[in-house]
Amino acid sequence: MSRVLVVGFGGREHALAWALARSPEVEYVFVAPGNAGTAWAGRAGFAPSKNVPIQPGDVPALIDFARANGVDLVVIGAEAPIAAGITDQLSAAGLSVFAPTQAAGEIESSKAFAKDFMKRHGIPTAEYGVFTDYESAVAYVRSLEKPFVIKADGLAAGKGVLLPDTGDEAAAILWEIFSGDLFGAAGDKVIIEERLTGREVSLLAFSDGETVLPMPPARDHKRIHDGDQGANTGGMGAFAPVTDLSADEIAHITRTILEPTVRGMAAEGRRYVGVLYAGLMLTPDGVRVLEFNCRFGDPEAQAILPLLDSSLYAVLSACVDGRLTSVRWKDGACAAVVLASAGYPGLYSKGLPISGLERVPEDILVFHAGTTRKDGQIITAGGRVLAVTAVADSLALAITRAYEGVEYIHFDGMQFRRDIGSKP
Ligand code: AMP
Ligand code: GLY
């Protein structure tokens, strides 16, 4: 029997811990540091989980804990620790880690690397230029006749893409980026690229460094308000599978995007083990890669993992050992509705009591994100607080059931989108 340590504290990490606890090989799950939802007693067919008060950045403490507790596999949730090299450090300490190395993770942590890599390997993406100074960037945007977008090179927590409408607006934005005001060091380099149009799909895949197997395609809802209005967030809800990609199209994307990416990374000495997340746009001219991420999406993980029929532990260890052969998925669909704090994605308050969690019917999954426990009461502790998730035979039923779950839950100022999944 195996012991697993999940590193992180969001809804994605709760979904990972939950799916690992259902894996027959797992006897114990640890989550560092976790949240109010990631600790539970075990029961038949479901391993116990315990929170460990160690932050993802404290790698020496994670190593000590994993060694002292016989951890067989460490699973990293978020991109920041990967970009900081957590995989390399844990591996050097002799631990098995499911996550890309720092070098492989550059596919997310440097957009300039990702774009140049795609160009080198013929992977379809928007036309672009990379700039390190204000004058040449402005000269370039002024020369463009088509609409464009501006992106910061480094990690910017989902806020690094800007869509100016005029050359003057673009010049003002570029000034702010190069002065360091907008993104700090993440904006030392900018990418200016052709603006694409079309529906977006998140296609995530498991990779063992050679074999890459896609998950059901998912769709995130990034804006705060219904109808894709308002500010960008980390994601207000997701569902899977999306219905506008056929099995043939997924096979085509696997051959033309996922496989060449994993092969190309190996050829460049950046063997890619972990989740490869392709953010795609279905343009009138074909599929284009908007970005790669080096980990599960949040809330995509909450909408994808409940559909997994294989043991997550078996799949992740097969990736780490370079022997990934197959992954089974359930029929049906899954929808996850995020409940957020008032004010999110701007300033929001914390510490508000959450009620009704114990009344939510058992078939509805409530993945915790920004929650903590105080004096026995579960309270809010972040912008995105919970993801209420349901699996059903059809997407329509999954959405209905997830929203039924939302009805039981309350905290002051709770906001959520009412249109998750309405554009299947
Ligand atoms: P990224 O962080 O690169 O995925 O970009 C975040 C969001 O910005 C995407 O989900 C798109 O909605 C938008 N975006 C990024 N690149 C482009 C592009 N070339 N054209 C149009 N929209 C884009
Ligand atoms: N939900 C988008 C992401 O995790 O990057």
Side-chain angles (χ1 to χ4, degrees), residues 8 10-13 15-16 76-80 82-83 105 107-115 118 124-130 141 144 146-165 170 183 186-187 190-204 215 217-224 228-240 242 275-305 336-338 340 345 367 369 383-384 387 417 420 423:
R12 163 182 51 208
E13 287 76 15
L16 283 165
I76 313 298
E79 62 278 19
I82 296 170
I107 203 155
E108 172 168 4
S109 65
S110 169
K111 288 192 192 282
F113 169 78
K115 294 293 290 190
M118 286 189 263
T125 189
E127 292 299 320
Y128 70 103
V130 179
V141 298
L144 292 173
K146 289 196 259 174
F148 55 90
V149 309
I150 300 175
K151 300 183 176 187
D153 176 54
L155 295 180
K159 299 183 182 82
V161 178
L162 300 152
L163 295 89
D165 288 320
F183 301 120
V190 304
I191 291 91
I192 297 172
E193 67 176 44
E194 167 198 7
R195 191 180 298 187
L196 303 172
T197 53
R199 286 205 170 175
E200 289 185 45
V201 178
S202 306
L203 189 63
L204 286 71
M215 307 183 202
R219 180 160 290 139
D220 187 11
H221 296 63
K222 286 189 173 136
R223 304 297 193 96
I224 184 73
D228 294 331
Q229 302 297 310
N232 258 318
T233 69
M236 291 299 290
F239 65 91
V242 300
V275 169
L276 177 65
Y277 167 144
L280 305 172
M281 195 171 264
L282 313 179
T283 80
D285 304 321
V287 180
R288 299 284 182 274
V289 178
L290 292 179
E291 64 163 350
F292 283 117
N293 294 323
C294 66
R295 33 91 195 160
F296 276 100
D298 187 337
E300 287 91 330
Q302 293 89 311
I304 292 173
L305 290 171
V337 177
V338 169
F367 293 120
R384 291 188 292 172
R417 281 181 60 161
I420 300 305
K423 283 194 250 163

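As the structure lists them, so they are numbered: ligands from 1, and atoms in each ligand from 1. Start at 1 with the first residue, then count along the sequence.
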K.L.:
Which atoms of ligand 1 sit under 4.0 Å from any heavy atom of Lys111?
P.N.:
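The list of qualifying atoms is 1 (P), 2 (O), 3 (O).
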K.L.:
Just by distance, do the side chain of Arg219 and the backbone of Glu200 share a donor-acceptor pair under 3.5 Å?
P.N.:
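A pair under 3.5 Å: yes.
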K.L.:
I'd like to check whether Leu196 has a polar contact with ligand 1, where a contact means an N/O of the residue lying under 3.5 Å from an N/O of the ligand.
P.N.:
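Yes, Leu196 has an N/O under 3.5 Å of an N/O on ligand 1.
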K.L.:
Do Lys146 and Glu127 have side chains that get closer than 4.5 Å, going by heavy atoms?
P.N.:
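No, their side chains stay 4.5 Å or more apart.
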K.L.:
Is Leu290 touching ligand 1 with its side chain, its backbone, both, or neither, if touching means heavy atoms under 4.0 Å apart?
P.N.:
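Both the backbone and the side chain of Leu290 come within reach of ligand 1.
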K.L.:
What atoms in ligand 1 come closer than 4.0 Å to a heavy atom of Lys222?
P.N.:
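In order of numbering, the contacting atoms are 10 (O).
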K.L.:
Please check this pair: side chain of Thr125 against backbone of Val289, looking for a donor-acceptor N/O pair closer than 3.5 Å.
P.N.:
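Yes; at least one donor-acceptor contact below 3.5 Å.
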K.L.:
Look at the side chain of His221 and the backbone N and O of Gly237, then say whether any donor-acceptor pair between them is shorter than 3.5 Å.
P.N.:
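Side chain of His221 to backbone of Gly237: a pair is present.
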K.L.:
Is a side-chain donor or acceptor of Glu13 paired with a backbone partner of Gly10 at a separation under 3.5 angstrom?
P.N.:
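Side chain of Glu13 to backbone of Gly10: a pair is present.
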K.L.:
For Gly235, is there any backbone N or O sitting under 3.5 Å from a side-chain donor or acceptor partner on Asp220?
P.N.:
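No; zero donor-acceptor contacts below 3.5 Å.
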K.L.:
Got a donor-acceptor contact below 3.5 angstrom from the Thr233 side chain to the Lys222 backbone?
P.N.:
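Flag set: sc Thr233 to bb Lys222 pair under 3.5 Å.
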K.L.:
Please work out whether any backbone atom (N, CA, C, O) or any side-chain heavy atom from C-beta onward of Glu194 is under 4.0 Å from ligand 1, and answer side chain, backbone, both or neither.
P.N.:
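Backbone only.
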K.L.:
Would you check, one step at a time, whether the test side chain to side chain contact (heavy atoms under 4.5 Å, CB included) holds for Leu144 with Ile192?
P.N.:
CA-CA 10 Å; Leu144 292 173; Ile192 297 172; 4.0 Å; yes
K.L.:
Could you pull out, from Glu193, Glu200, Met281, Arg195, the option with a heavy atom nearest to atom 19 (N) of ligand 1?
P.N.:
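It is Glu193 that holds the nearest heavy atom.
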K.L.:
Would you say Arg288 contacts ligand 1, with heavy atoms under 4.0 Å as the rule?
P.N.:
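Not so, Arg288 does not reach ligand 1.
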K.L.:
Where do Ala218 and Glu300 come nearest, in terms of heavy atoms and distance?
P.N.:
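Shortest heavy-atom separation between Ala218 and Glu300 comes out as CB-CG, 4.1 Å.
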K.L.:
At a heavy-atom distance under 4.0 Å, which protein residues reach ligand 2? Sort them by chain and number, would you?
P.N.:
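Those residues closer than 4.0 Å to ligand 2 by some heavy atom are Asp220, Gly234, Tyr277, Asn293, Arg295, Gly297, Asp298, Pro299, Glu300.
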K.L.:
Going by the order shown, which atoms of ligand 1 are within less than 4.0 Å of some heavy atom of Lys151?
P.N.:
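Per the distance check, 3 (O), 15 (C), 16 (N).
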K.L.:
With a 3.5 Å distance limit and no angle check, can you tell me whether Arg12 reaches the backbone of Gly77 through a side-chain donor-acceptor pair?
P.N.:
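Indeed, once roles are kept as given, a pair shorter than 3.5 Å links the two residues.
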